[in-house]
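Below: one structure, written as structure tokens.
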There are 2 protein chains.
Amino acid sequence: MRQNKFKKLEIMPAYRLVADAIEKQIMTGQIKPEDPIGTEADLVEQFGVNRSTVREGIRLLEQSGMLRRGEKRRLYVSLPGYDKLATRISRSLVLHKVTFRELVETLEILEPTTIALAAKHITEEQLERLRINVAATEKELEDRDRLSQLDTEFHSIIAEAAHNSVFLLAREPAGLLIYPATQYIFEAVPEAPSRLLEAHKTMLQALEERDEEKARVWMDKHVRDFVKGLVRSGAELDGQIAQPHLAHLLSLDTYL
Amino acid sequence: MRQNKFKKLEIMPAYRLVADAIEKQIMTGQIKPEDPIGTEADLVEQFGVNRSTVREGIRLLEQSGMLRRGEKRRLYVSLPGYDKLATRISRSLVLHKVTFRELVETLEILEPTTIALAAKHITEEQLERLRINVAATEKELEDRDRLSQLDTEFHSIIAEAAHNSVFLLAREPAGLLIYPATQYIFEAVPEAPSRLLEAHKTMLQALEERDEEKARVWMDKHVRDFVKGLVRSGAELDGQIAQPHLAHLLSLDTYL
DNA sequence: ATAATCTTATTGTCGGACAATAGGACCTTT
DNA sequence: AAAGGTCCTATTGTCCGACAATAAGATTAT
């Protein structure tokens, strides 16, 4: 038997070490969000490596949202926003070829619970945003594209109203991936828009009344309705998400 | 009123354009996982920019796991693994100062549902891994550190057994953040290890019997037990996660 | 055939260079 | 004095060229 006297050496490129060093300080709270990091020249001096190397390290952290370029293009520590994270997760799910079935199964579970939490915690400001959203939905019943945007937003606001960021982040990627499909349901099911509006109205009302149970029941119905529509629109539950459904995720590329 | 005749110009550094161009091809399936990307020199030629610029672009994608260095150090398209994603999400949650309350609230909801799904879909191979896990737990009841690792693993296997990658990814970050706290519960609550073992044993049994309801009920109990222990161990439910609880997340830095 | 050596391609790192730009300081105009 | 223009400086984004380290492949020696 071979003797294992030595640990495997950790041999990492310098740009990684740079990134890890900065990340560690951020994670341990030694540098806090909105704190400025020095200029590239400063980092060169501190780490004792070339500027190119520093830059490569910075890119790593820039991507994950821990660093951003702020005023005067200087580097600041920053919190990765939930929207950006959710987008990134969604993309990964797509690459992993997630099926409609997995998505709807997840939402059938999460959405009713989400709205139940929301009924307990929603603020007046969030109620107002929902009212605006519903009003817009009513006005633009004909514009399918806009309507599916509003649908996605409606559910996002509710998730936000649950006031639980862990839960929010657990739900959001599935929401981002599935609700755009609403658009295709509208094409196949003429009565879908009005049913959607009715459901949204009722859920809003339930939230205004803080009626947890009513909210949950209607959301449950709403989601199952959605799934039925999805099937009627020709989606294969065990198939992957079709390209057209993802257009928004791809074009969001630009600024995240 | 100001006329909005012009769209905001998209002015982006070249290294971003490089990254976006590659990412787009990956997302649209024009390049698939495990496909080799050319060498840096190739990319320099194709994009018509300098190698430094290409490298910075590559770093962005390397971080999000869409590119990796494979054999012969060449660049390959790759799927961001769930474990890596979950780690990254967990870190973001920490930076956003999630509270214990948000974590346990989420798990109280997700875990029972997870095991119910698992009861339906678990494979023999996964059952076997759970048996090994439980056996190890029984043997090492004294070693708190090891025990909390095994606990985290136990719940992860169950999540995997639900056979829903969306759900898996929704649950994992919360699991990563909360179960390490088990260790501190053991210090405060002497009878905790044996109670944990009993619960795990019973849940395993329920899974073997495909008894969805029994599994759910026990998991529910198990999680609430966990929360009680957490409180007894002195954790402030409305406080953030303490540094020591995060050690594992930080040291994982190295190779993800 | 196996081991040792050489070759080559590629990455990681370095140093230096320069244009573009943002911000500040300073000046001009009304 | 406020608004606009000009100059100055620091910093970033990009380019160029170079080289050591390394891994894979080819070649030679044992």
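Side chains are part of it too, since the values below use all heavy atoms of this structure and drop only hydrogens, waters and symmetry mates. Letters go in sequence order (proteins before strands), and every chain restarts at 1.
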**Report entry** Any residue meeting side-chain hydrogen bond (donor to acceptor under 3.5 Å, both in side chains) with A/Ser52, in chain and number order, not counting sequence neighbours
**Finding:** A/Asn50
Report summary line: When rounded to whole Å, the CE to P distance for the pair B/Met12 and D/dG13 reads 13 Å
**Report entry** Nearest-neighbour nucleotide for the A/Tyr15 side chain, D/dT14, D/dT12, C/dG12 considered
**Finding:** C/dG12
**Report entry** Within residues 41-60 of chain A, residues whose heavy atoms come under 4.0 Å of DNA chain D
**Finding:** A/Arg51, A/Arg55, A/Arg59
Query - ring pair (Phe, Tyr, Trp, His ring centres under 6.0 Å) against A/Phe100, all qualifying residues, sequence neighbours excluded - result: A/His245
**Report entry** Residue-level proximity of residues 31-39 of chain B to DNA chain C when a heavy atom falls under 4.0 Å
**Finding:** B/Thr39
Query - Atom-pair distance (CZ on B/Arg69; C1' on C/dT10), nearest Å - result: 9 Å
Query raised in the report: Going by the ring-ring contact (aromatic ring centres under 6.0 Å, His included) test, which pairs reach into residues 36-57 of chain A, not counting sequence neighbours?
Result: none
Requested in this report: Send over the distance from A/Leu75 CG to D/dT11 P, rounded to a whole Å.
Outcome: 12 Å
Requested in this report: Scan residues 144-154 of chain A for pairs that pass salt bridge (charged side-chain N to carboxylate O under 4.0 Å, His left out), counting only residues two or more places apart or in two chains.
Outcome: A/Glu140-A/Arg146
Query raised in the report: Got a sec, which pairs hit salt bridge (charged side-chain N to carboxylate O under 4.0 Å, His left out) with one end in residues 154-171 of chain B, sequence neighbours left out?
Result: B/Glu111-B/Arg171, B/Arg129-B/Glu160
Report summary line: Sequence neighbours excluded, the answer for side-chain contact (heavy atoms from CB on, under 4.5 Å) partners of A/Glu34 is A/Arg68
Report summary line: Between OH of B/Tyr76 and P of C/dT11 the distance, given in whole Å, is 11 Å
Could you list the protein-to-nucleotides 23-25 of chain D atom pairs, N/O on both sides, closer than 3.5 Å?
none

Report summary line: Sorted by chain and number, sequence neighbours left out, side-chain contact (heavy atoms from CB on, under 4.5 Å) with A/Val44 holds for A/Arg51, A/Val54
Query - Between P of C/dG12 and CD of B/Glu62, the distance in whole Å - result: 8 Å
Requested in this report: Would you mind listing every salt bridge (charged side-chain N to carboxylate O under 4.0 Å, His left out) that reaches into residues 98-107 of chain A, with sequence neighbours excluded?
Outcome: A/Arg101-A/Asp238
Report summary line: Atom CZ of A/Arg74 and atom C1' of C/dG24 are separated, to the nearest Å, by 12 Å
Report task. For the pair B/His163 (side chain) and B/His121 (backbone), establish whether a donor and an acceptor sit closer than 3.5 Å, ignoring hydrogens and angles. Result -> yes
Report task. Measure from the side-chain N and O atoms of B/Asn133 to the backbone N and O of B/Leu150, and report whether any donor-acceptor pair falls under 3.5 Å. Result -> yes
Query - Sequence neighbours excluded - ring-ring contact (aromatic ring centres under 6.0 Å, His included) pairs with any residue from residues 55-86 of chain A - result: A/Tyr82-B/His96
